[in-house]
Amino acid sequence: MRTFITEPERRTPVIAETDILVIGGGSAGLAAAVAASRAGARAMLVERYGSLGGLATNGLIILLLTLDDGRGKQVIAGLCQEMVDRLSARKACLFPPKEEWGSPDAVLVEKYQRLGLVWGSGPHVVRYSVAYDPEEFKCEADLMVTEAGVDLRFHRWATGVVKDGDRITHVVFESKAGREAIACSAVIDCTGDADIAVLAGEPVESERVHPWLWFRTANVDEDAAETSKLRPGYYKTTGEHGYLHPWGAAERIEHDIDAANPDDLTYAEVECRRLVRAEVDRLRGKAPGFERAYLAGFAATLGITETRRLVGKHMLTREEMDQPRPDAVAITGNWTKYGSTYEIPWASLIPQGTTNLAVAGRCISADHRAHHATKEIPSCFATGEAAGLGAALALQHGVAHQGLDVESLRGKLRAAGAYLP
């Protein structure tokens with residue numbers, strides 16, 4: 001039987017005020033905050049950890065899968081392409097040249113499979129996917145938000161919202177500084193887990209998942225490893241004498257978890273680390289080139305790609321794959337299917353009730369099967385950019401998110417460099 005305590009009434013200081021409050025500093029939040037600020041809004045980005053990128057950095061999911069449609073055509077551009085350009089200028093990423101996108105050449109396909117840039121069941125072609133250095137990504141993300149004039153606040157966790165009717169007026173945060181509130185005109189939920197939507201009373205769908213923990217090895221004899229018949233299973237990305245391992249005990253761990261439950265997460269963290277270390281021991285004993293390898297680092301966070309998803313104004317479904325939408329504000333390919341795209345409408349980024357809330361990233365309103373494509377990092381960039389620019393336009397015109405002129409938003413996105421069909 002659950003018992004309760006009664007806390008004394010308290011007054012919470014309002015420490016700041018902003019136009020658009022973006023919560024969650026993964027790829028979606030990064031894009032949302034930069035897009036909103038570049039559109040002229042005062043934007044604040046609040047992140048619970050001490051660096052940006054989320055799973056794209058701290059989760060070691062350091063592969064942009066994918067910016068194309070599987071037929072050689074780029075469908076994600078905008079701020080995601082800007083990040084690739086920034087990393088490329090630092091010589092901190094790898095990707096196929098444009099003339100190879102869509103090529104079925106078996107030699108090229110095998111080359112990029114070994115870099116982790118080609119996935120799926122085939123028949124394969126070369127994809128426009130990108131492998132990158134996560135520490136360089138963090139630095140470039142810092143630069144993008146500061147150069148855009150975003151007010152960046154690390155080390156705070158959103159724990160509550162204050163509403164006036166159907167609008168959020170404040171979001172409450174906890175940190176080592178105590179309990180604080182930030183006043184805002186609009187909110188963008190980029191938490192990945194739809195935390196703000198839940199706090200605002202919006203309906204969500206939830207999924208149980210098998211936990212994953214990506215890791216890296218070092219001191220590998222690359223000549224031996226590159227000829228190993230044990231591959232795929234580990235990938236050569238941007239470092240020397242080491243590999244990225246997108247492995248997570250899904251077939252070994254005892255049960256799936258609710259990744260919005262902290263006790264389930266505790267179990268998964270401990271069990272995944274145990275199993276990853278056992279995997280490194282196995283590689284040392286059986287995989288050519290790994291005889292003297294060591295574990296260079298776990299991801300700082302589990303590779304959880306699905307927990308709660310908003311049930312918004314429109315639920316994007318598997319049946320809408322390859323269907324054109326005149327109200328689309330983002331488009332994404334599918335990293336495991338060739339030639340398949342989803343056109344994501346503004347209505348999948350906004351809730352049913354709260355009029356100044358948008359969501360972006362992996363918690364947008366999509367069903368479980370469409371989510372397989374929309375959860376990927378490039379897609380999160382695209383929905384984040386759309387949410388940030390859309391929220392800024394709604395404020396400029398004094399309308400609720402549900403009343404936004406979507407055609408105007410589409411035009412602004414194109415002008416900013418995003419791709420829309």
Side-chain angles (χ1 to χ4, degrees), residues 27-28 55 61 63-76 80 102 118-125 127-129 189-190 192-194 197 202-210 212 246 250 256-260 303-352 358-387 406 410 418-421:
S27 52
L55 291 181
I61 303 179
L63 302 169
L64 298 178
L65 303 171
T66 171
L67 284 74
D68 76 341
D69 64 355
R71 299 190 186 100
K73 181 178 181 180
Q74 183 173 358
V75 295
I76 293 179
C80 187
V118 174
W119 294 65
S121 57
H124 296 298
V125 300
R127 306 295 301 264
Y128 178 25
S129 298
D189 183 346
C190 298
D193 301 319
E202 295 295 335
V204 296
E205 288 185 347
S206 299
E207 298 286 344
R208 296 182 66 87
V209 295
H210 279 92
W212 294 81
D256 58 10
I257 66 166
D258 173 4
I304 301 298
T305 57
E306 188 170 18
T307 51
R308 299 183 294 226
R309 304 184 309 275
L310 176 72
V311 178
K313 292 287 290 183
H314 176 79
M315 177 73 74
L316 188 69
T317 67
R318 169 65 173 76
E319 288 69 33
E320 292 175 88
M321 186 173 68
D322 299 326
Q323 297 301 310
R325 293 193 62 106
D327 57 347
V329 295
I331 184 170
T332 184
N334 190 315
W335 62 295
T336 61
K337 296 182 186 298
Y338 295 85
S340 298
T341 59
Y342 285 96
E343 296 190 15
I344 304 168
W346 175 246
S348 289
L349 308 187
I350 57 175
Q352 299 178 36
V359 304
R362 63 181 172 89
C363 58
I364 68 169
S365 183
D367 72 10
H368 176 68
R369 292 186 296 173
H371 173 85
H372 187 67
T374 62
K375 69 178 172 59
E376 289 301 307
I377 295 166
S379 179
C380 291
F381 264 104
T383 56
E385 185 170 3
V406 177
R410 285 164 53 87
Y419 171 80
L420 287 172

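Any value given below was found using the heavy atoms of this structure, including those in side chains, with hydrogens, waters and symmetry copies removed. Sequence positions, counted from 1, serve as the residue numbers for this chain.
- Taking the six-membered ring for Trp and the full ring otherwise, the centers of Trp335 and His372 sit less than 6.0 Å from each other.
- Interatomic distance, Ile364 CD1 to Cys190 SG, rounded to the nearest 0.5 Å: 11.0 Å.
- Rounding to the nearest 0.5 angstrom, the gap separating the OH atom in Tyr128 from the OG1 atom in Thr66 is 9.0 Å.
- Considering CG of Asp327 and CD1 of Ile344, their distance stands at 11.5 Å, rounded to 0.5 Å.
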Arg127 and Trp119: CA distance, side-chain angles, deciding distance, side chain to side chain contact (heavy atoms under 4.5 Å, CB included) verdict: CA-CA 9 Å; Arg127 306 295 301 264; Trp119 294 65; over 6 Å; no

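- Glu376 places no side-chain N or O within donor-acceptor distance of the main-chain N or O of Ala373, the cut-off being under 3.5 Å.
- The one candidate from Asp256, Asp258, Thr307 that meets the side-chain hydrogen bond (donor to acceptor under 3.5 Å, both in side chains) condition with Arg208 is Asp256.
- Closest approach of His124 to Gly120, counting heavy atoms only: CE1-O, 2.9 Å.
- We find that Arg308 and Asp193 are not joined by a salt bridge, their nearest charged nitrogen and carboxylate oxygen being 4.0 Å or further apart.
- Between Cys380 and Arg362, the shortest heavy-atom distance links the atoms SG-N, 3.7 Å.
- At a threshold of 4.5 Å between non-hydrogen side-chain atoms, the residues Ile377 and Ser27 count as touching.
- In this structure, Arg369 pairs ionically with Glu319, as a charged nitrogen and a carboxylate oxygen lie closer than 4.0 Å.
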Evaluation steps, side chain to side chain contact (heavy atoms under 4.5 Å, CB included), between Thr332 and Thr341: CA-CA 5 Å; Thr332 184; Thr341 59; over 6 Å; no

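- With hydrogens and angles left out, the side-chain atoms of Glu306 and His368 include a donor and acceptor closer than 3.5 Å.
- Within the 4.5 Å cutoff, the side chain of Leu65 has no heavy atoms near those of the Pro378 side chain.
- Nearest heavy-atom pair, Leu349 versus Val329, reported as atom, atom and distance to 0.1 Å: CD1-CG2, 4.0 Å.
- Put simply, the side chain of Asp189 never gets that close to the backbone of Val359: no donor and acceptor are under 3.5 Å apart.
- Using a 3.5 Å distance cut-off with no hydrogens or angles, the side chains of Thr336 and Asn334 do pair a donor with an acceptor.
- Contact check for Met315 versus Glu205: side-chain heavy atoms found under the 4.5 Å cut-off.
- Interatomic distance, Trp346 CH2 to Arg325 CZ, rounded to the nearest 0.5 Å: 14.0 Å.
- A salt bridge is absent between Arg309 and Asp367; no separation between the charged side-chain nitrogens and carboxylate oxygens falls under 4.0 Å.
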Step-by-step side chain to side chain contact (heavy atoms under 4.5 Å, CB included) determination, Val75 to Leu67: CA-CA 6 Å; Val75 295; Leu67 284 74; over 6 Å; no

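- Residues Tyr342 and His371 are not in side-chain contact: their nearest non-hydrogen atoms beyond the backbone lie 4.5 Å or more apart.
- When side chains are defined from C-beta on, Pro421 counts as touching Glu343, because their heavy atoms get closer than 4.5 Å.
- Here the CZ atom belonging to Phe381 is positioned 10.0 Å from the CD1 atom belonging to Ile76, to the nearest 0.5 angstrom.
- In the model, Gln352 has no side-chain atom that pairs as donor or acceptor with a side-chain atom of His314 under 3.5 Å.
- Rounded to the nearest 0.5 Å, atoms CG (Asp68) and OH (Tyr338) are 9.0 Å apart.
- Formation of a donor-acceptor pair under 3.5 Å by the Ser379 side chain with backbone atoms of Lys375 is not found in this model.
- Nearest heavy-atom pair across Ala366 and Thr374 is CB-OG1, 4.1 Å.
- For the residue pair Ser365 and Ser348, no side-chain donor N or O sits within less than 3.5 Å of a side-chain acceptor on the partner.
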Candidate pair Thr305 and Val209, rule side chain to side chain contact (heavy atoms under 4.5 Å, CB included), full reasoning: CA-CA 8 Å; Thr305 57; Val209 295; 5.7 Å; no

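- Listed here is the closest heavy atom pair of Ile61 and Gly303: CD1-CA, 4.3 Å.
- Here the shortest heavy-atom pairing between Asp322 and Ser340 reads OD1-CA, 3.3 Å.
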